2 protein chains.
Amino acid sequence: MSVTAPQGFRAAGVAAGLKTTGNPDVAVVVNDGPDDAAAAVFTTNRFPAAPVQWSRQVLADGRLRAVVLNSGGANACTGPEGFQDTHATAEHLAAELGLGAIDVAVASTGLIGVRLPMDKLTAGVSAAVEELSDDGGDAAARAIMTTDTVPKTTVQTRSGPGGGWTVGGMAKGAGMLAPSLATMLVVLTTDAVVDGETLQAALETATGVSVERVDSDGCLSTNDTVIALANGASGTTPTAEELTEALTAAATDLAMQLLADAEGSTKDIAITVRNAATVDDALTAGRACARNNLLKTALFGNDPNWGRVLAAIGTTDAAFEADQVDVSINGVTVCRGGSIGDPREGVDLTGRSVMIDIDLHAGEEIATIWTNDLSIAYVHENSAYSS
Amino acid sequence: MSVTAPQGFRAAGVAAGLKTTGNPDVAVVVNDGPDDAAAAVFTTNRFPAAPVQWSRQVLADGRLRAVVLNSGGANACTGPEGFQDTHATAEHLAAELGLGAIDVAVASTGLIGVRLPMDKLTAGVSAAVEELSDDGGDAAARAIMTTDTVPKTTVQTRSGPGGGWTVGGMAKGAGMLAPSLATMLVVLTTDAVVDGETLQAALETATGVSVERVDSDGCLSTNDTVIALANGASGTTPTAEELTEALTAAATDLAMQLLADAEGSTKDIAITVRNAATVDDALTAGRACARNNLLKTALFGNDPNWGRVLAAIGTTDAAFEADQVDVSINGVTVCRGGSIGDPREGVDLTGRSVMIDIDLHAGEEIATIWTNDLSIAYVHENSAYSS
């Protein structure tokens, strides 16, 4: 059910011809109210795509009625003309729905540096509006796929004093702030009663510990967008904590789906850094591992090469003493005190799941970064696919 | 002639059985004087290997008589026992040559986290001493190879008032401070008359603009070592500028050989960032490109994907305005003012050499970073080879 699982949302996904494959490429999500609270998190890349620039502006008032998303073109690095294309797209959907353009966010994904074919796109938006329905969430999730092999959706239901409330969501891509292989787009919807400010705070907390800690290949897209819409249709007002918990569950569920579907990957790797002086130190050390090509190729080759773990964290400024660091891979402490630990032959790396545990012995904080291995299929896909 | 090109140096390379292939794996370089000035630059990794720790100590007085190098084992992350192994290696060579251990530097490369077979190593050192000759430079260069397909050597001759003087050198690996695929080891020799302090300053300048700007895969070894030895045998005293020029020429020659032989690479990529506010900004932007797997795979696929160049530099804090940046690839300005430039179809990427020119329009500084593409062969080699 995806984004249409909560009450009061309609969605659709159609094929507008932006993709040469003829697969669905335009999605629309509409919030039918009664409320129209909205929140968002965007890429920090200094070349934000036109739709990111647009959506940042219209989100300034914390309100949205609809989102239009397209695959088949990122509309990034396209100059003032590209921004005008995004504006026209929002205007077109707004006119179809009887709204103002300021009520409409836009998100795009695909090749950078190419203008969108606006005639096809606007015709697709009109077609999507025709198709809008309260079970259109799955079709919308399919229309935002690029190299994804499966659509990613989530539904989180919670009970409450005035009856239940629900968070629904859809995602494409594989990562955020350091996305894997293409832009990550996420739309979360909820029928909880919540104001825009509370929703924004909850969304930032939820993404901060989920999608932002997926670092599949260290590359940061120009188009990453996470949008949350809340309409209060359930009549239930969760506490900020309850809302944050449900959004975190939804975002984490989607993040793990992104990880599992990362292009060409054969491993899902969880790098946990414990006993760090600060959470930032733990994240820095974890990200250094997630971005180390020698470690990632070793894991692709089922090689528990703990030396590459140390070499990676040895480039960071995280607090630790070199002769105090322990590393275990899938439960075997292959490195103890920065030196040789238990035999690496004891490590079983034949499965998809890899757990690397790094104990810095420098404090009491802990964090996990999720990444993938660096495979031959990754290179093949990203050398053949212009994105 | 490698390191034995200057007067007053002997070298040798032998097979000691550290490598399972039976290829040469122990090299010795001896400075026969009259002077024994020495300088070095080491990895900044916080897990420096035992030989790096040792050599840093013995270099403290700016003097060295000999260097022993081995492939087939990095002796990194091997604890106090590993340090003792390095010490014993230096003691062994010193005894063979009638020196003190403090006169002997050690450098190692190979798998991290494994102890060296000391019986084989010391026997190999003795055998190398037997073989020492003033034309042993090429054999030494061959003995330090790991995944290198060819030995890397350089000879720079310079005329001077008291006759000519020469810089010789050898290298293995592919990079430094962010080496490509394995440790980079470099030994430079010269018969110029120079004190240790002047040599150190010249070496730092030379490596700073050459090997330190090769960033093949962003990974930083635990063992990177560049050692320079000067014996004054030519009787010629170059100025500091002349010495720096010759060392820079030698180090740059070796750096380009490392780049050309980087594991699995199909492209040598020079990323020049011009009109930057500072040299650091230019290096930061260049390195961000050199470490961007999506750009590197695109280039492997002969795709002039300038959007990935912008996405890469968009993650940095280098000074620039997004709508001011130009990018040309092999002479075609595919991006102008942060937006669409000349047609990408005009870019010819069929050759090995790729030149990416990024104009930040933010100042007057310029720097070049050299890197390689990310190929299927890179992944294959680094998933199969435990190093």
Side-chain angles (χ1 to χ4, degrees), chain A residues 44-48 74 76-82 111-115 181 217-222 291-295 297-303 305-308 310-316 320 322-323 334-335 337-340 344 374-376 378-384 386-387, chain B residues 44-48 74 76-82 111-115 181 217-222 291-294 297-303 305-308 310-316 320 322-323 325 334-335 337-340 344 374-376 378-384 386-387:
Chain A
T44 58
N45 198 297
R46 291 171 63 195
F47 291 94
C77 305
T78 45
E81 297 82 2
L111 184 62
I112 299 177
V114 176
R115 297 277 300 278
L181 306 138
D217 71 354
C219 300
L220 174 61
S221 165
T222 52
R291 296 178 180 186
N292 188 284
N293 282 351
L294 290 176
L295 176 60
T297 49
L299 292 170
F300 169 62
N302 291 343
D303 174 11
N305 198 322
W306 59 267
R308 293 180 181 177
L310 294 194
I313 68 171
T315 65
T316 73
F320 65 79
D323 62 357
V334 283
C335 168
S339 183
I340 305 163
R344 65 172 75 201
L374 176 52
S375 70
I376 286 173
Y378 171 91
V379 175
H380 178 72
E381 202 157 343
N382 284 290
S383 58
S386 210
S387 68
Chain B
T44 59
N45 198 297
R46 291 171 64 195
F47 291 94
C77 305
T78 44
E81 297 83 1
L111 184 62
I112 299 177
V114 175
R115 297 279 299 280
L181 308 138
D217 71 353
C219 300
L220 174 60
S221 164
T222 53
R291 296 179 179 184
N292 188 284
N293 281 351
L294 290 176
T297 48
L299 293 171
F300 170 61
N302 291 345
D303 175 12
N305 199 321
W306 59 267
R308 293 180 181 177
L310 294 194
I313 68 172
T315 64
T316 72
F320 64 79
D323 61 358
V325 177
V334 284
C335 167
S339 185
I340 304 164
R344 65 172 74 202
L374 177 51
S375 70
I376 286 174
Y378 172 91
V379 175
H380 179 74
E381 201 156 344
N382 284 291
S383 58
S386 211
S387 68

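Fair warning: this is a prediction, and the values are worked out from it, not measured in the lab. Below, chains carry the letters A, B, ... as their sequence lines are ordered, and counting in each starts from 1.
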For B/S375, which atoms come within 4.5 Å of any heavy atom of chain A: side chain, backbone, both, or neither?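 Contact with chain A involves the backbone of B/S375 alone.
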Can you say whether B/V334 sits under 4.5 Å from chain A via the side chain, the backbone, both, or neither, judging by heavy atoms?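 Looking at B/V334, nothing touches chain A.
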Greatest number of heavy atom pairs closer than 4.5 Å to chain A - which of B/F320, B/F300, B/W306: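 Between B/F320, B/F300, B/W306, the count favours B/F320.
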With chain A as the partner, which of B/L299, B/L310, B/T222, B/L374 has the greatest number of non-hydrogen pairs under 4.5 Å?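 When all of B/L299, B/L310, B/T222, B/L374 are compared, B/L310 has the most.
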Between A/A298, A/G338, A/A311, A/G79, the one whose heavy-atom pairs under 4.5 Å with chain B are most numerous: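 Max contact count across the listed options: A/A311.
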From B/L111 atom CG to A/R344 atom CZ, the distance as rounded to the nearest 0.5 Å: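 These two atoms lie 5.0 Å from each other.
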Between OG1 on residue B/T316 and CZ on residue A/R46, distance to nearest 0.5 Å: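 Result: 5.5 Å between the selected atoms.
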Give the minimum heavy-atom separation between [X] and [Y], together with the two atoms involved.
X      : Y      : value
B/I112 : B/C77  : CG2-SG, 3.7 Å
A/I340 : B/R115 : CD1-CG, 4.0 Å
A/F47  : B/V325 : CZ-CG2, 4.0 Å

Quick one: what part of A/D323 sits under 4.5 Å from any heavy atom of chain B, side chain, backbone, both or neither?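 Neither part.
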